[in-house]
K.L.:
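Okay, handing you the structure first.
What you see is a predicted model, and the numbers here were worked out from it, not measured in a lab.
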Amino acid sequence: MKSFKSLSHWGLFLLCFSLCIPSCKKKTDSDDDVDASSGRFYKYTSCTVIAPPAEVNLSSYYKKYLNCSGIPVIGSAAIDDEALIETDNMIKFMLRGKDNIKNKMIETGSYFAITPTLGLGLMDAPELAGSPYINAYVGGIVLPDKHIGVASMDNILCQGDPNNNSLHEFVHLMHLDGFRHAYPNFESEAKAAFSKSKNKGLWANTHLSRDFLEYIAAGVTIWYGVSKQSSPAAGDGAFNNIVKRSELLAYDPDLYNFIATYFHTDTDVPGCLAPVLDPVGNANCDPTVTDIDGNSYNVVSIGSQCWLKENLRTAHYQDGSAIYNPNGNSTDWQSNTTGACLSYQNNPSNDATTGKVYNFYAVMNSKNICPNGWHIPNTTDWGVLLNQLGGVPVASAAMKSTSSLWQAPNVGATNSSGFTAMPYGATSDGVGFQGHGNGAAFWISDEKSSTEGKLIMLFNSSTDAWTTKGGKTGGLYCRCVKD
Ligand SMILES: [Zn+2]
């Protein structure tokens, strides 16, 4: 009966792998292939500051033009070249890996203007003449119908408020000219997160409570660590005390997850304002570690811990004895109650990519399958990791690779931790692999029962990191953690 119970649970586990694909959002690819071969500025690129080409038909007020990204930055004779260069660098940073957004913006004709000062000074831009929206407190603006964003040189060169206004405005431009065309659900998801935050009473007395547009732009400014910090926490009308990614996650996980879905996770924002970053931990791990077979693994430091950045692939225990490999004999695999391992599709040439799978008997064997000085993580080790990544409901976003091997909609995946979990599935019969593309599962070293071990699962449909159990004869991938 014991083995029956174990097998039936394993069946459920695998069923879950294949059925937990959500019917919800699906990326629409129709706009991904815009090739940026149209639009007002697309022919007129320059990575040095030049006079505006006559063909782009700008006001004669503008004397400077820099278009190194596809989205030109312009200014009058009074604007320092440095301000244009900083803004161009910011734009390139924001569009890193976002060619579909960038190309849509090029096609739309997005551009960015710099005025000497903020507030009423923004009115110097001829496009803003007569604008009723500018007052002494406005740090920048986007006019959707003109596809222009405007910010000021004093702010860009850090002579004004310590808030990256140009980045904030550029997020508006990305939203209005890029994201909403490329991703049909972008706005509905933003609105849903916004109304949820409203219902919870979040962001009172700040920009973010104004409307979903500001919710996105000011949220992304926080995400990149370049939002002004204000005390008290209650908000000063524009800002509050949330300035770091970890604080955003703790305060408004819906906004965090929305941003994590659409914006990259890099932290090297160019410009005069150094981003406020979360501590990256102090584990100071060696970059690689070698197992008994001589396989070298990349190591990632996550907070206080050192983890293998790839799946284990050793064929021997630490003492040099071989781990049994049934080589595709399913009966052998399923009846084995000592340690066993297997290559993906029983093909050792896959090991370097996917790693090997191990049954739980190999995991619990005191001869240890991990490199010397390392072990299979127990419940506590995993708990420390998940907590460092924001907790169970969101941790897998930081753990899942952004590789296209993960089937859409690889929810929330940012791999911000560097853990780089890949969706290589699992095997129950030692022959077929299930869940390839939708799930990653790793053993936890703690036994659940005489026939079951504990494991952790990540899915393409969720940001959760589930802890569950599975029959000991199942084959899962392993990550080791340093002692
Ligand atoms: Zn705004």
Side-chain angles (χ1 to χ4, degrees), residues 58-64 73-84 86-87 90-91 94 110-176 194 202-222 224-243 269 271-276:
L58 287 166
S59 159
S60 60
Y61 167 82
Y62 293 111
K63 302 297 183 201
K64 298 192 175 187
V73 183
I74 58 171
S76 71
I79 302 302
D80 292 348
D81 287 4
E82 188 189 348
L84 280 83
E86 289 280 22
T87 304
M90 177 276 291
I91 289 173
M94 293 300 290
S110 303
Y111 67 113
F112 206 92
I114 302 172
T115 61
T117 57
L118 46 65
L120 294 168
L122 296 167
M123 298 285 271
D124 284 11
E127 292 89 339
L128 269 57
S131 170
Y133 307 111
I134 303 297
N135 60 53
Y137 307 103
V138 171
I141 192 168
V142 164
L143 297 182
D145 54 333
K146 296 181 179 168
H147 309 292
I148 183 178
V150 187
S152 64
M153 177 167 69
D154 55 0
N155 180 258
I156 290 164
L157 299 183
C158 282
Q159 292 145 7
D161 269 353
N163 181 69
N164 195 324
N165 295 340
S166 53
L167 185 144
H168 171 115
E169 300 306 335
F170 192 71
V171 175
H172 283 312
L173 211 53
M174 287 173 79
H175 167 185
L176 297 167
F194 176 67
L202 302 180
W203 305 110
N205 213 17
T206 73
H207 276 317
L208 287 88
S209 65
R210 194 177 310 157
D211 55 41
F212 83 105
L213 296 152
E214 294 307 322
Y215 185 65
I216 298 169
V220 172
T221 313
I222 295 170
Y224 287 117
V226 288
S227 176
K228 182 179 175 182
Q229 181 165 29
S230 172
S231 52
D236 66 358
F239 302 97
N240 66 10
N241 63 332
I242 309 291
V243 288
V269 190
C272 63
L273 273 182
V276 183

K.L.:
Taking only residues two or more places apart in sequence or in another chain, which ones pass ring pair (Phe, Tyr, Trp, His ring centres under 6.0 Å) with His175?
P.N.:
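If we apply the ring pair (Phe, Tyr, Trp, His ring centres under 6.0 Å) test to His175, skipping adjacent residues, the hits are Phe186, Phe212.
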K.L.:
Measuring from atom CG of Leu84 to atom CE of Met153, what distance do you get when rounded to the nearest 0.5 angstrom?
P.N.:
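These two atoms lie 9.5 Å from each other.
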K.L.:
What is the minimum heavy-atom distance between Gly139 and Leu122, and which atoms define it?
P.N.:
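That would be C-CD1, 4.0 Å.
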K.L.:
Do Met94 and Tyr224 have side chains that approach each other closer than 4.5 Å (heavy atoms only, starting at C-beta)?
P.N.:
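Touching, per the 4.5 Å side-chain cut-off.
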K.L.:
For residues Tyr133 and Ile141, determine if any side-chain heavy atom of one lies less than 4.5 Å from a side-chain heavy atom of the other.
P.N.:
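Heavy-atom side-chain distance check passes, below 4.5 Å.
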K.L.:
How about Val150 and Leu128: do any of their side-chain heavy atoms sit closer than 4.5 Å?
P.N.:
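The answer is yes, as the side chains (C-beta and beyond) meet within the 4.5 Å cut-off.
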K.L.:
Given the side-chain rings of Tyr111 and His147, with only the six-membered ring counted for Trp, is the space between their centroids under 6.0 Å?
P.N.:
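Centroid distance Tyr111-His147: not below 6.0 Å, so no.
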K.L.:
Would you say that Asn205 contacts Asn240 through its side chain, given a criterion of any heavy-atom pair below 4.5 Å between the two side chains?
P.N.:
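Sidechains of Asn240 and Asn205: no contact.
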K.L.:
Quick one: salt bridge (charged side-chain N to carboxylate O under 4.0 Å, His left out) partners of Lys228, sequence neighbours excluded?
P.N.:
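Testing Lys228 for salt bridge (charged side-chain N to carboxylate O under 4.0 Å, His left out), a comparison that skips the adjacent residues, returns none.
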K.L.:
Could you report the tightest heavy-atom contact between Glu127 and Leu143, atom names first, then the distance?
P.N.:
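Taking every non-hydrogen atom into account, O-CD1, 3.6 Å.
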K.L.:
Are any of the side-chain heavy atoms of Trp203 and Ile242 separated by less than 4.5 Å?
P.N.:
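Of all side-chain heavy-atom pairs linking Ile242 with Trp203, at least one is under 4.5 Å.
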K.L.:
Taking side chain to side chain contact (heavy atoms under 4.5 Å, CB included) as the definition, give me every residue that meets it alongside Asn164, ordered by chain and number, with sequence neighbours left out.
P.N.:
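By the side chain to side chain contact (heavy atoms under 4.5 Å, CB included) rule, Asn164 matches Ser166, Leu167, Val226, Val269, Leu273.
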K.L.:
Holding to side chain to side chain contact (heavy atoms under 4.5 Å, CB included), I want the full list of residues that pass it with Glu214, two or more places apart in sequence or in another chain.
P.N.:
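Here the qualifying residues are His168, His172, Arg210, Asp211.
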K.L.:
With a 4.5 Å cut-off on side-chain heavy atoms, are Ser152 and Ile114 touching?
P.N.:
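In short, these two side chains do not touch, never coming nearer than 4.5 Å.
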K.L.:
So, do Leu118 and Val138 sit near enough that their side-chain heavy atoms are less than 4.5 Å apart?
P.N.:
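A side-chain contact is absent here, since even the closest heavy-atom pair is not under 4.5 Å.
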K.L.:
Kindly indicate whether the side chain of Glu82, heavy atoms from C-beta on, has any atom under 4.5 Å from the side chain of Leu157.
P.N.:
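A side-chain contact exists here, since the closest heavy-atom pair is under 4.5 Å.
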K.L.:
Would you please name every residue forming a side chain to side chain contact (heavy atoms under 4.5 Å, CB included) with Ser59, sequence neighbours left out?
P.N.:
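For Ser59, the residues satisfying side chain to side chain contact (heavy atoms under 4.5 Å, CB included) (neighbours in sequence not counted) are Tyr61, Tyr62, Pro126.
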K.L.:
Using the side chain to side chain contact (heavy atoms under 4.5 Å, CB included) criterion, which residues pair with Tyr137? Sequence neighbours excluded.
P.N.:
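In terms of side chain to side chain contact (heavy atoms under 4.5 Å, CB included), with neighbours along the sequence ignored, Tyr137 is linked to Asn135.
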